[in-house]
Peer 1: 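Would you mind keeping the following structure in view while I ask a few things?
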Protein chains: 2
Amino acid sequence: MGTHYRGAETERRALDGYIKLARAAEATGATINDHLRDYGLTVSQFGVIEALYHLGPMTVGELGEKILKSSGNMTLVADNLVKRGLVTRRRRSDDRRCVEIRLSAAGEALLEQIWPHHAARVVAAFSPLSAEEQEQLAALCRKLGLAQATVALEAADAPA
Amino acid sequence: MGTHYRGAETERRALDGYIKLARAAEATGATINDHLRDYGLTVSQFGVIEALYHLGPMTVGELGEKILKSSGNMTLVADNLVKRGLVTRRRRSDDRRCVEIRLSAAGEALLEQIWPHHAARVVAAFSPLSAEEQEQLAALCRKLGLAQATVALEAADAPA
DNA sequence: TGCTATTATCTCGACATCAAACTATTTAAC
DNA sequence: GTTAAATAGTTTGATGTCGAGATAATAGCA
């Protein structure tokens, strides 16, 4: 077996892993998030109120990191949640650059209404895998996800 | 161990699997697709020309299934690729409802230019996992992704 | 044949998203 | 202490995306 074939095999394996990963994430996301429309929430909006509920008040920037969205976008997501009265904005007194987002009573009530259904959907979406397989998948994804920060891309860059 | 605890454990496992899966997909996608900007392509546009290159001409609907986008959106993606001369549109003579999208010579040349870098990025993104781990991940994702079509959600639906 | 349902695509309006420019505030350097 | 650099958010403009409705073509059936 020559190096050419080995390279092709390496490539096939990574490409196959990537497409399967992307599709699994897409498909499970569709299964899980489909019902949010019934509550008039976007996936981002839900992500925000869920993060606030489980982790407590956060600044706009921290929320952006949690749900992987740009700060500009976070401003709009927060705007829309404030309009619906689900969260409140308050500028921090100790650092007046920061704006703290906090779940309102209405937001808390809404999340408590949605959460059981949401969790049930996640469980249903993952039910095709055994408990052990779910653990394996999580471990592999964790390893892969965390490592992206340190992946070396020099060889993959287009020529300047 | 009571059923309540078992239920909580089941839920924790699924929720953890889901967040890890979503983050791994997001993070690898960022690593891999980052360079498309250099070519003035969106992820969807790249998905289209890659599908056309590797699988041959397709209708708008088929492309939408491949890259998981709505038909309305596919029309715009195709529009923009046509504008750049990377693909051509042609109505099928045997079924005049269908529009066939075909890669132009320029589109083919562009994909051939990008592809090696793209593949190298996928390989780099997956390099934190061993060959065996990559195969495991792909198998688990495949099983999970394919099963979504038949997941039962009755128990998870909100009350009407 | 003609009527109806289905299918494939496009159009349109609403909205999410990003990147870049901008403002306000805080921190660091000198 | 005053000025420069860094940081947090917001604003703006362009674009991608979806969903619902419109249009056109086909298929099924009486």
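A, B, ... follow the sequence lines: proteins, then strands. Residue 1 opens every chain.
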Peer 1: Side chain of B:Val60 only, please: which of D:dA25, D:dG9, C:dC10 is the nearest?
Peer 2: C:dC10

Peer 1: Indicate, yes or no, whether a donor-acceptor pair under 3.5 Å links the base of C:dT9 to the side chain of B:Arg97.
Peer 2: no

Peer 1: What nucleotide, of C:dC18, C:dT25, C:dA8, holds the atom closest to the side chain of B:Cys98?
Peer 2: C:dA8

Peer 1: Quick one: which residue pairs count as a ring-ring contact (aromatic ring centres under 6.0 Å, His included) with a foot in residues 47-84 of chain B, not counting sequence neighbours?
Peer 2: B:His54-B:Trp115

Peer 1: Taking all non-hydrogen atoms of both residues into account, name the closest pair between A:Gln148 and B:Ala125 and its distance.
Peer 2: NE2-O, 2.8 Å

Peer 1: Applying side-chain contact (heavy atoms from CB on, under 4.5 Å), can you list everything that pairs with A:Glu135, at least two apart in sequence or on another chain?
Peer 2: B:Arg12, B:Arg13

Peer 1: With a cut-off of less than 4.0 Å, is there a side-chain N or O of B:Arg37 near OP1 or OP2 of C:dA19?
Peer 2: yes

Peer 1: Any heavy-atom pair between the side chains of B:Leu110 and B:Leu41 that's under 4.5 Å?
Peer 2: yes

Peer 1: Would you mind reading off the bend of the helix from C:dT1-D:dA30 to C:dC30-D:dG1 from its two end axes, five pairs each, to 10 degrees?
Peer 2: 20°

Peer 1: On DNA chain C, does the nearest nucleotide to A:Arg91 precede the nearest nucleotide to B:Ala78 from the 5' side, or the other way round? Give the residue.
Peer 2: B:Ala78

Peer 1: Between B:Thr59 and C:dT9, does any side-chain N or O lie under 4.0 Å from OP1 or OP2?
Peer 2: yes

Peer 1: CD1 of A:Ile67 versus P of C:dC18: gap in Å, rounded?
Peer 2: 9 Å

Peer 1: Which sits closer to the 5' end of DNA chain C, A:Leu76 or A:Arg96, going by the nucleotide each is nearest to?
Peer 2: A:Leu76

Peer 1: Of all the nucleotides listed (D:dG16, C:dT26, D:dT10), which has the minimum atom distance to the side chain of B:Asn80?
Peer 2: D:dG16

Peer 1: Considering only D:dG16, C:dC10, C:dC18, which nucleotide approaches the side chain of B:Thr42 most closely?
Peer 2: D:dG16

Peer 1: Select one nucleotide: of C:dA16, D:dT17, D:dC18, the one nearest the side-chain heavy atoms of A:Ser44.
Peer 2: C:dA16

Peer 1: Just to confirm, is there a sub-4.0 Å distance from OP1 or OP2 of D:dG16 to any side-chain nitrogen or oxygen of B:Asn73?
Peer 2: no

